[in-house]
Amino acid sequence: MDPSTVVAAGPSNIPPPTITPKPTDKRNENNKKRRPKRKRIASEASASIAGEHPEAGETDSVHVGVEAEGWSAPWLEELGTTSYESKQQRLHDEIVAFFNYISPTPNETHARGMVIAQVSEVARRRFRDASVETFGSVAQNLYLPDGDTDLVIQTSEPFDDERKKSALFQLAAMMRNSRITRYVQVIHRARVPVISFETQPDLGSLKVDISFNATDGVKAVPILRDYFDKMPALRYLVLCVKSLLSRHKLNTASSSGLSSYGVILLAINFLQLNPLKRPAAYLEQPMENESLGILLTDFLDYYGNLFDYAESVVSVSQGKVLSKEEKGWDGLNNPESLCIECMLNPENDVGRPTSKIWKIRKVLKGAHSLLESYAFSDVPAAHNILGRILGISDATLEHRILLKDIVTSGRLSQALREVQSAATLYSNAPRRPQSSYQQYNPRYNSRPYPSSAGNDRPRNNLPPKPPPPRQPSGPPRQPSGSGYNLPPRPGPSPKSHYVAQGPSLAALRAAASASADASANPNTRANDKPGDAGSTANTHSNGNGRSAQGMRSPPRRRRKA
């Protein structure tokens, strides 16, 4: 069947979504401009149950986003206009038709499998010794057309928080550079850090979540598969409830809704308990007894009206309902919170992220009311009971058309070849070696690096240091025992030698005094002997700046040699 052609086998009972008009605001325009706009959350913009019967104090208005999304029931094409004995019998056939329509087609299975293989190959280029496993709804082949693909990378050695964060950012960069996606969101502060992205349109616009060493999801795959084999009605219930929550944007833990794992545990515990005491044949042989409609109505009634959220804990491992006081979970901030015991780790509460449980309860309660209030007629006509609570959006139909087109036209194969080529180029590109410290680069240093080639360049583009002054000629002085070719060490500065020029002033005075005495006493010169103090010869300087009598000569002018 071509998803582009949607034909219902009769009038659809899905009422068109109504848009609540915004009240006119007569405030000043300047005040409006200064006030920041409030961002709308996807879960708040989603439509509530169309045509829900109001309770006491509740209005019958339908809150939707600005752009109302169309919903249809294309699975009715597989059903004829035959008459039915009861409403539950007709609802059973509609559930079977819905399950067959919403299940993955061969084109969707092929496209998702090829993309998963390519993403796994890119991840293994970075982590050589790691394995990439699939878990969640994809591993059980129980996913919606626009559902997420959960992958986990298992490494041989454990990762601490800091290393896991670094690995997530590295993997996100590889996904972008490999042209698998354009934008990757790294959620490293969550309880289980993951990276989330949507592939390119040529790769199917598939949503992928990748985590590291989260082994609980992989270990739960064979256990859940065993439950699906033992409980034939489990697959139909899970897929209907997931579609119901997906319509109201409450099907993911990231949006404070209920995850697929939580929905599966609720459905298993419901079939274990059989709270409304249906015959065992309804649970063990639902196809033969045409009891899927009864079981779905009971599921919505049990978790929408009967289940005690204030005191109860869902336990699949023990096959019963425990008390919060027994588990020690009675001290929670929200006393009406949903508590689900994990099968692998009993201390883990799967329902803890579901903070919008009051919205989920309202959706389940309203869906049960709509199914119960459906006016059934035995006149041979086309009915649409399941369409009152479920529907296929226009975006889902367009997504199925896209997957079919990229597979049949060959665009998927071409995109995968481009991804493989880009991943090869990126992985072979030289990378700077990682180090635990950051190299220190001096800012104000103009000395060149030593090099034997002689082509040293100054650091930081500073001018080179001027050469040292020229040293006196002579053999260079080498340090003893060293092999370095060092420049000669400068010696002590030479001392200046001064030479006395002529007799000193004291000698001239002594000579003048001797000549005066000689003129006064003519007989004195004849009686002088060599060596006397008054002799003229001994009054001259002896060359050391001192007179003959041993007296220091007065200072005189000197000049350099």
Side-chain angles (χ1 to χ4, degrees), residues 112-140 143 147-200 203 206-225 252-256 259-262 264 342-350 352-353 419-420 422-424 426-427 429 431-436:
R112 194 176 294 266
M114 295 298 292
V115 171
I116 291 175
Q118 187 61 58
V119 171
S120 303
E121 182 180 352
V122 173
R124 280 191 291 266
R125 289 179 181 272
R126 171 59 182 85
F127 307 97
R128 302 292 183 181
D129 57 341
S131 61
V132 182
E133 302 290 341
T134 306
F135 67 98
S137 300
V138 176
Q140 307 294 343
Y143 56 90
D148 298 345
T149 301
D150 297 320
L151 301 177
V152 58
I153 299 178
Q154 297 183 0
T155 58
S156 57
E157 54 183 0
F159 280 16
D160 55 2
D161 295 340
E162 192 65 25
R163 189 178 177 187
K164 186 180 298 184
K165 175 183 175 181
S166 177
L168 289 174
F169 278 98
Q170 292 175 7
L171 188 60
M174 292 186 66
M175 295 301 166
R176 287 193 302 266
N177 295 326
S178 301
R179 302 177 185 176
I180 292 178
T181 182
R182 296 179 181 176
Y183 175 75
V184 183
Q185 183 181 8
V186 182
I187 311 174
H188 61 89
R189 297 184 182 274
R191 186 176 62 89
V192 180
V194 298
I195 64 172
S196 180
F197 61 90
E198 183 176 327
T199 61
Q200 298 277 14
L203 295 176
L206 302 176
K207 300 175 184 178
V208 181
D209 295 336
I210 304 179
S211 59
F212 275 91
N213 294 333
T215 58
D216 290 347
V218 179
K219 294 179 181 178
V221 170
I223 302 176
L224 295 178
R225 191 171 297 164
T252 58
S254 59
S255 61
S256 302
S259 62
S260 299
Y261 184 47
I264 294 174
C342 180
M343 295 187 302
L344 301 175
N345 185 9
E347 299 301 325
N348 182 23
D349 184 8
V350 179
R352 182 175 59 180
V419 168
Q420 188 174 8
T424 304
Y426 176 74
S427 60
R431 296 183 177 86
R432 189 173 65 180
Q434 299 181 358
S435 58
S436 59

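Computed from a prediction, not measured in an experiment: that's the story for all the values here.
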Test of understanding: with side chain to side chain contact (heavy atoms under 4.5 Å, CB included), list the residues that count as partners of [X], not counting sequence neighbours.
X: I223; value: Y227, M343, L344
X: P353; value: A253
X: S196; value: D209
X: V192; value: V194, S211, A214

| remark: CD of E133 to CG of D150, rounded to nearest 0.5 Å, is 13.0 Å
| Distance in Å, S260 OG paired with L224 CG, rounded so as to fall on 0.5 Å steps | 11.0 Å
The criterion is side chain to side chain donor-acceptor pair (under 3.5 Å); which residues satisfy it with [X], sequence neighbours excluded?
X: R112; result: T149
X: Q200; result: R182
X: T155; result: N213
X: R163; result: E157

| task | Kindly indicate, with the supporting measurements, whether the criterion side chain to side chain contact (heavy atoms under 4.5 Å, CB included) is fulfilled by L151 and T134. | result | CA-CA 5 Å; L151 301 177; T134 306; 3.4 Å; yes
| said: Applying side chain to side chain donor-acceptor pair (under 3.5 Å) as the test, list every pair that has at least one member in residues 214-224; sequence neighbours left out. | reply: none
Are the side chains of [X] and [Y] in touch, meaning some heavy atoms are under 4.5 Å apart?
X: D161; Y: K165; answer: no
X: V208; Y: I180; answer: no
X: I153; Y: R126; answer: no

| request: Using the test salt bridge (charged side-chain N to carboxylate O under 4.0 Å, His left out), find all partners of R176 that sit at least two apart in sequence or belong to another chain. | output: none
| query | Counting N and O atoms only, with roles assigned by atom type, does the side chain of Q140 sit under 3.5 Å from a partner on the main chain of V221, one being a donor and the other an acceptor? | reply | yes
| Pair listing, ring-ring contact (aromatic ring centres under 6.0 Å, His included) test, anchored in residues 147-169, at least two apart | F159-F212, F169-H188
